[in-house]
Amino acid sequence: MIMSRIEAPSSEDTAATGDLVDLLLSGLPAEAVLTDPDVTASYANDMASFCPAGAPAVVVLPCTTEQVQHVMRTATALRVPVVPQGARTGLSGAANASDGCIVLSLTKMDRILEINPVDRIAVCEPGVVNAALSRAVGEHGLYYPPDPSSWEMCTIGGNIGTASGGLCCVKYGVTAEYVLGLDVVLADGRLMSTGRRTAKGVAGYDLTRLFVGSEGSLGIVVRAVLGLRPKPPEQLVLAAEFASAAAACDAVCRIMEGGHVPSLLELMDRTTVKAVNDMAQMGLPESTEALLLAAFDTTAPAADLAAVGALCEAAGATQVVPADDVAESELLLQARRLSLTALEAVKGVTMIDDVCVPRSRLAEMLEGVDRIAEKYQLTIGVVAHAGDGNTHPTVCFDSADPDESRRARESFDEIMALGLELGGTITGEHGVGVLKKEWLAREIGPVGMEMQRAVKQAFDPLNILNPGKLF
């Protein structure tokens, strides 16, 4: 990880920390309050590169809503910043600690409270792991669609905080579309409920949506009511190889224009295909400039794959391989699942960008990334949720080389600028955090920033909730 050195607290800070810990212990069990500097340092940052992190004064691991309320009342009384955390799988520095803060880890609040097949909802605490929830609702014939790549580790609270997405968003949408209601502990310790558990509801401002993607800067989510869908059939997958990224992007446009609704539509550029081949010897043709993966979970997926395969061939695909069954589909998806691991193996460190552009500009985005890679003499692979235009240009670099690290950061910024020029956004699913906060101002403008700060002031007048994030 690339981040600033964590400074040790001074003797004056240590005395203040003692008062803080004593107050926290008055409402928390001893095992929920961590003060060993070696332990607290391990909670300092998430998985983002180039994001500074400070030294927490203390880490707390509450198990109940009442304990979270106690933490926030203590923080308000002492004017101590609080940094909420889940599994710390984020990629923007949104969960990074600040010096002297309380790190509020919600991983112990991991109960699924209710699964209701009639109302098609699940109610859970923020520390529930995404995959655990998905498997639990699956036993009732239900489906929780949001599936970030880190779904085996990431938590529902973190997914809500960053408004995360995943591979299935092209058909099923992102986390925000499944969060119906929330219980939130505010900065001063009060508990507020938002939203509903009904299929419809438009009472007042939509505060639930306001908290989704707020990165812990407005309140602490302690309970979530999540919408569910009926469990779909197993999907079948098609792989199509192309001699150019432009041809693959043309196929994406044809598929979407044709009214098809794939459950997955993913693209890997030649750099990513090569990295996967080098790491896993998957035997993908070296001539492949782009690999497109499409999947359908309909009642007649073979027919859908045939139609999409024809569109890929019309766009110039050199080979189209539809799977015959679920097992073969899983084999075809292995290359996509290995993408980020393979790119990390190229140099040892990666910066994963998260720029989303209109689907119609996807080819221009990939061509621009190629130019940026050549300009900075870097390896930059692109994997994309092509069906919704969400690209993940991944900069591979040697963190021990200062010049290469500088070029990596500059290329990262240039990729974001390119995304904005193409009518896109600086982040489709990873969030702003520390990494992109200067770019948020460029995207939404001065009036937008003024209103964002006004919302923050209304919920957190002392600015103790995750300060320094977003803006």
Side-chain angles (χ1 to χ4, degrees), residues 120 130-152 154 159 164-175 177-178 226-242 248 251-268 272-273 276 282 284 290-313 315 317 319-340 359 383-390 392 429:
R120 292 183 183 172
N130 184 294
L133 177 66
S134 296
R135 293 186 182 111
V137 302
E139 293 176 4
H140 296 264
L142 297 169
Y143 178 44
Y144 180 66
D147 61 343
S149 295
S150 57
W151 77 305
E152 291 281 7
C154 64
N159 295 168
S164 59
L167 301 184
C168 73
C169 293
V170 61
K171 179 174 183 177
Y172 293 104
V174 295
T175 295
E177 295 169 60
Y178 295 90
L226 305 172
L228 305 173
R229 287 174 174 258
K231 191 174 183 179
E234 294 282 0
Q235 65 183 4
L236 288 185
V237 177
L238 169 148
E241 298 170 12
F242 293 86
V252 171
C253 293
R254 291 171 186 249
I255 292 166
M256 302 310 292
E257 186 178 17
H260 298 282
V261 188
S263 56
L264 173 150
L265 190 57
E266 298 287 304
L267 186 148
M268 299 162 56
T272 307
V273 170
V276 170
M282 294 196 68
L284 300 172
L291 182 67
L292 189 66
L293 297 166
F296 286 87
D297 58 4
T298 55
T299 54
D304 290 312
L305 289 186
V308 164
L311 291 174
C312 288
E313 289 172 346
Q319 186 175 7
V320 175
V321 181
D324 292 324
D325 53 36
V326 172
E328 191 175 349
S329 293
E330 285 300 307
L331 287 174
L332 291 176
L333 287 176
Q334 279 303 308
R336 173 61 182 89
R337 293 199 176 110
L338 291 172
S339 294
L340 296 181
R359 298 183 193 99
V383 291
H385 307 310
D388 48 29
N390 193 180
H392 293 309
E429 57 188 3

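Taking the charged nitrogens against the carboxylate oxygens, Glu152 and Arg135 do have a contact shorter than 4.0 Å, which makes a salt bridge. Checked for salt-bridge contact, Lys231 and Glu139 miss the test: no charged N lies under 4.0 Å from a carboxylate O.
Looking only at side-chain heavy atoms (C-beta outward), Leu333 and Gln235 come within less than 4.5 Å of each other. In this structure the side chain of Met256 reaches within 4.5 angstrom of the side chain of Val170, judged on heavy atoms. Considering only heavy atoms from C-beta on, His385 stays 4.5 Å or farther from Cys169 through its side chain. In this structure the side chain of Pro148 reaches within 4.5 angstrom of the side chain of Asn159, judged on heavy atoms. Proximity of Pro232 to Phe296: side-chain heavy atoms (C-beta onward) are nowhere separated by under 4.5 Å. Contact check for Glu266 versus Leu167: side-chain heavy atoms found under the 4.5 Å cut-off. Counting heavy atoms from C-beta on, the side chains of Ser329 and Glu234 never come closer than 4.5 Å. Counting heavy atoms from C-beta outward, Pro230 and Tyr143 have side chains that stay 4.5 Å or more apart.
When every heavy atom of Glu328 is checked against every heavy atom of Asp325, the shortest pair comes out as N-OD1, 2.8 Å. Contact detail for Ala335 and Val276: the closest heavy-atom pair is O-CG2, 3.7 Å. Shortest non-hydrogen contact noted between Lys171 and Val261 is CG-CG1, 3.7 Å. Closest approach of Leu292 to Ala248, counting heavy atoms only: CD2-O, 4.2 Å. The shortest non-hydrogen separation linking Val326 to Leu236 is N-CD2, 3.8 Å. Closest heavy-atom contact between Tyr144 and Gly227: CD1-O, 3.8 Å.
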task = Go through the steps to decide whether Leu238 and Val321 satisfy the test side-chain contact (heavy atoms from CB on, under 4.5 Å), and finish with yes or no.
result = CA-CA 6 Å; Leu238 169 148; Val321 181; over 6 Å; no

message = What verdict does the side-chain contact (heavy atoms from CB on, under 4.5 Å) test give for His140 and Arg120, after you've listed the backbone C-alpha separation in whole Å, the side-chain angles of each residue and the deciding distance to 0.1 Å?
response = CA-CA 10 Å; His140 296 264; Arg120 292 183 183 172; over 6 Å; no

key: Stepwise side-chain contact (heavy atoms from CB on, under 4.5 Å) test for Val383 and Leu340   = CA-CA 8 Å; Val383 291; Leu340 296 181; 4.1 Å; yes

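Remark: Gln334 CD to Met282 CE distance equals 6.0 Å, nearest 0.5 Å. Distance CE/Met268 to CZ/Phe242: 13.5 Å, rounded to 0.5 Å. Rounding to the nearest 0.5 angstrom, the gap separating the CG atom in Asn390 from the CZ atom in Arg359 is 11.5 Å. Residue Leu291 holds its CG atom at 11.0 Å from CZ of Arg336, rounded to the nearest 0.5 Å.
With no hydrogens or angles considered, no side-chain donor-acceptor pair links Ser164 and Glu429 at under 3.5 Å. Residues Asn130 and Asp147 have side chains that never bring a donor and an acceptor to within less than 3.5 angstrom of each other.
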Side-chain donor-acceptor contacts of residues 302-311 below 3.5 Å, not counting sequence neighbours, with atom names and distances?
{"residue": "Asp304", "atom": "OD2", "partner": "Thr298", "partner atom": "OG1", "Å": "2.5"}

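In terms of modelled atom types and a separation under 3.5 Å, the side chain of Glu257 and the main chain of Arg254 share no donor-acceptor contact.
Contacts of Tyr172 classified as side-chain hydrogen bond (donor to acceptor under 3.5 Å, both in side chains), with partners at least two apart in sequence or in another chain: Asp297.
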